[in-house]
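Below, chains carry the letters A, B, ... as their sequence lines are ordered, and counting in each starts from 1. These numbers were taken from a predicted model, which means no experiment stands behind them. Only this structure's heavy atoms are used, side chains among them; waters, hydrogens and symmetry mates stay out.
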Number of protein chains: 2
Amino acid sequence: MSTQTKFLLDESKLPRRWYNIAADLPVPLAPPLHPGTLQPLGPDDLAPLFPMELILQEVSTEREIEIPEPIREVFRLWRPSPLVRAHRLEKALGTPAKIYYKYEGVSPAGSHKPNTAIPQAWYNAQAGIRKLTTETGAGQWGSSLAFAGALFGIDVTVFQVRVSYDQKPYRRALMETYGAKCIASPSNLTASGRAILEKDPNHPGSLGIAISEAVEVAATNDDTKYSLGSVLNHVLMHQSIIGLEAMLQFEMAGDDPDVIIGCTGGGSNFAGLAFPFIGQQLRGGRKRRIVAVEPSACPSLTRGKFAYDFGDTAHLTPLTKMHTLGSTFTPPGFHAGGLRYHGMAPMVSHLKELGLIEATAYPQTACFEAGVLFARSEGIVPAPEANHAVKSAIVEALRCKAEGRSEVIVFNLSGHGHFDMSAYSSYFGGQLVDQGYDEKELAMALAGLPSVPA
Amino acid sequence: MSTQTKFLLDESKLPRRWYNIAADLPVPLAPPLHPGTLQPLGPDDLAPLFPMELILQEVSTEREIEIPEPIREVFRLWRPSPLVRAHRLEKALGTPAKIYYKYEGVSPAGSHKPNTAIPQAWYNAQAGIRKLTTETGAGQWGSSLAFAGALFGIDVTVFQVRVSYDQKPYRRALMETYGAKCIASPSNLTASGRAILEKDPNHPGSLGIAISEAVEVAATNDDTKYSLGSVLNHVLMHQSIIGLEAMLQFEMAGDDPDVIIGCTGGGSNFAGLAFPFIGQQLRGGRKRRIVAVEPSACPSLTRGKFAYDFGDTAHLTPLTKMHTLGSTFTPPGFHAGGLRYHGMAPMVSHLKELGLIEATAYPQTACFEAGVLFARSEGIVPAPEANHAVKSAIVEALRCKAEGRSEVIVFNLSGHGHFDMSAYSSYFGGQLVDQGYDEKELAMALAGLPSVPA
């Protein structure tokens, strides 16, 4: 039996091209619509928000897009990330399954988010942009863009959901260490923020509101662009480096995954690991099980409607066809802040509709229980978001045990939990409960979806 | 010019033996003395605290000691750790020097401490021990032993300095995630703790007091042993894996370090990187500059006395000959909690007396400034302790710039700062000052050193 634990790629093996799943789709993605005209968007409509290179990536159907060398140079600080065989977790579960995890917590910001923050900052810098705005929930994305901004001389302003801003000062300190400015959202700096504060001066904020504020600042300032950490096609494509590396690493390991698992909020870490494997299948390769895992309290893929909807609360963004709980839906407070979003990436939603992926949902206490078992066997304390993937991997491994099957399972361990220890404290203190969402509110939010002519 | 950034060793290259510098010393270490009789200690005197295998390692003069396979198996979760060329920092400084760092923050606990926690827990488990006590300041050591305990089925009780226990709840949460029990020190559980609390119920605690409590529990309970995270010979030897890996990695890089730098509190991360290189020199190899960096506010190597002293406040530990500020010395509060110790490892002190290493000290704000520059160029936010090594590396690199010399500098980046972001917040908020120690208190503490017959 091989006792090898880590499968490391030399940095000479760092992928040279991203994989774009749009090239292999059997049915093309529904086009995004202009929020005013409800007509399909053209590249120019996005120009106030993004530099042209990223807009072209967003609509590209080229299978491979070259990763510019200055971006690869930064990636070499931590990439290729390790693929690790979870020998000790397998033993703890007594499963005949082989469990692997791709560990993205080795990045300086502690998650997969720099995989797209670095290219986004670089393409903006190339276009002469010196100011970027963005939003963040728990802060994984905001700190990643702050890091990227520091490397390429870009001023980054982050609108952070107020409840996280108040409760998680350490991610904010991380953003400030990288030189970014962090503002509690809703804020008085934007019309969208002021409109919310007028109704409720103590509004806790939401990702949808923070997006509105960041988009508004970029749209109304010529020298400022906007950056999004998930959901968009080009963001998911940047993350494909995860799965491309994993393929090379599985060759080293002499294994091939039967089940591929990722947690889904906006969908980017899941897509990053899964899309290159799905692409193989679409080009005539092997069919594998691909499992998206979401929180029961914010179940866009498993309980949302596949429909056109806005990405933000103030309805400043284009409409995209996706699984959505409605842009007015406010999920209950739970600790996986990165998964508290009403929508799902259009590309992930599309693949779900095509039957190419499965989706499942778990409540947070079950996910923390899985994360603690993982920490006590493998050492790494996962981020609350990643605990959803850990939970699903354990469920699959126990199924293998019951069925006596030695399947190969891989999941994306998208980040470590060192900034989320207060959530673990709450879990151990028994203060963490599985609060469901409000069924009435969901029904109302879904009833309020914009009507779009067919 | 090589653009290679990371020098990674395959896990097949994980060292099979620790390096024991005692084998190469030109003058042997002064023996530890029994606290009661002031006579040299025998192995049996330590038996209430440590398992025999570790005691034998403590006094061994064998050059190489085999690393048991079950320990190497755990190390493979994160080791070999990367050696990284800091291209971006070099560029930011405009230095012709080459700067490398050995990054120990990749361990599950985020620092170098598991390098000794894992073997200590394993040797205890082999000896049938199921309970360990220890002390911790900021919590790097406590969380590492908690992690090790989880892997080998050992109950770990950590006495944490009260001021850290109150101010840094997240490291405590990490210990609890690994299943350890964490107690604020001074506590009511021990005679040493009660004696302190009687005088001052609000005593903030100190490492010296926490050591007394942990040692007392182990000494008075047959089923419990004690574990120390630094200072002792066997601890420093366990850390030699850092330098042994670095040597292989410098061969890959085609470079050879001229200056080797580590921060020093108890001395273990410094020793881990430096001792294998010093050993080469002692066996007739090349002489290199070896620099120990300590905080100006707790300068045992640069301002302490080389004398026999106790390791703890209640004088339960053996006396060792070391650089000490006196066991009653209380350093002012500063953020590098891991460096707030009155003494220095006897082996590091001995090498200093022999002229084999240099020592220097920096105030904390200068170290934070260096850490922020490092984060904004290399991405990783260093722990406040490691910032002292970063500062020294920058000073050396700027000296190279002034002298037009292209020296090769390596420092030990002993841990990341993700649990220390409140310290960075204080730094940015201007609340962080360079508080010197009290000269009178130091003089008194030194005057109170135990008198030992020559």
E73(A), CD atom: more than 12 neighbouring heavy atoms under 6.0 Å: yes
Of all heavy-atom pairs between H418(B) and H418(A), which one has the smallest distance, and what is that distance? CB-CB, 4.1 Å
Heavy-atom pairs under 4.5 Å with chain A: which of V106(B), I380(B), L151(B), V84(B) has the most? L151(B)
Can you list every pair that meets salt bridge (charged side-chain N to carboxylate O under 4.0 Å, His left out) and has a residue in residues 418-427 of chain B, with sequence neighbours left out? K168(B)-D420(B)
Heavy-atom distances under 4.5 Å only: say whether F428(A) touches chain B with side chain, backbone, both or neither. side chain
Interface moiety of L9(A) toward chain B, non-hydrogen atoms closer than 4.5 Å: backbone
Under the rule for ring pair (Phe, Tyr, Trp, His ring centres under 6.0 Å), what residues qualify as partners of Y424(B), not counting sequence neighbours? F368(B)
Under 30°, 30 to 60°, or over 60°: which ring-plane class applies to H416(B) and H416(A), parallel, tilted or perpendicular? parallel
Side chain from CB out, backbone as N, CA, C, O: work out which of these in R171(A) comes under 4.5 Å of a heavy atom of chain B, or both, or neither. neither
Under 4.5 Å from any heavy atom of chain B - which part of S377(A): backbone
Given side-chain contact (heavy atoms from CB on, under 4.5 Å), test L8(B) with D10(A) step by step and report yes or no. CA-CA 7 Å; L8(B) 298 178; D10(A) 188 85; 6.0 Å; no
In Å, rounded to the nearest 0.5 Å, how long is the span from CZ of R76(A) to CD of Q4(B)? 8.5 Å
Euclidean distance, E378(A) CD relative to W78(B) CH2, rounded to 0.5 Å: 12.0 Å
Choice from V74(B), V372(B), L77(B) maximising heavy atom contacts with chain A below 4.5 Å: L77(B)
Taking atom NZ of K6(B) as the centre, report whether more than 12 heavy atoms of other residues, nucleotides or ligands fall under 6.0 Å from it. yes
Neighbour count >12 (heavy atoms, 6.0 Å) for atom CZ, R130(A): yes
Of the backbone (N, CA, C, O) and the side chain (C-beta and beyond), which part of R72(A) lies under 4.5 Å from a heavy atom of chain B, both, or neither? neither
Contact part of F147(A) toward chain B, heavy-atom cut-off under 4.5 Å: side chain, backbone, both or neither? side chain
Heavy-atom nearest pair, A375(A) first then Y178(B), reads O-CE2, 3.5 Å
Identify which of G149(A), G110(A), A150(A) forms the greatest number of heavy-atom pairs closer than 4.5 Å to chain B. A150(A)
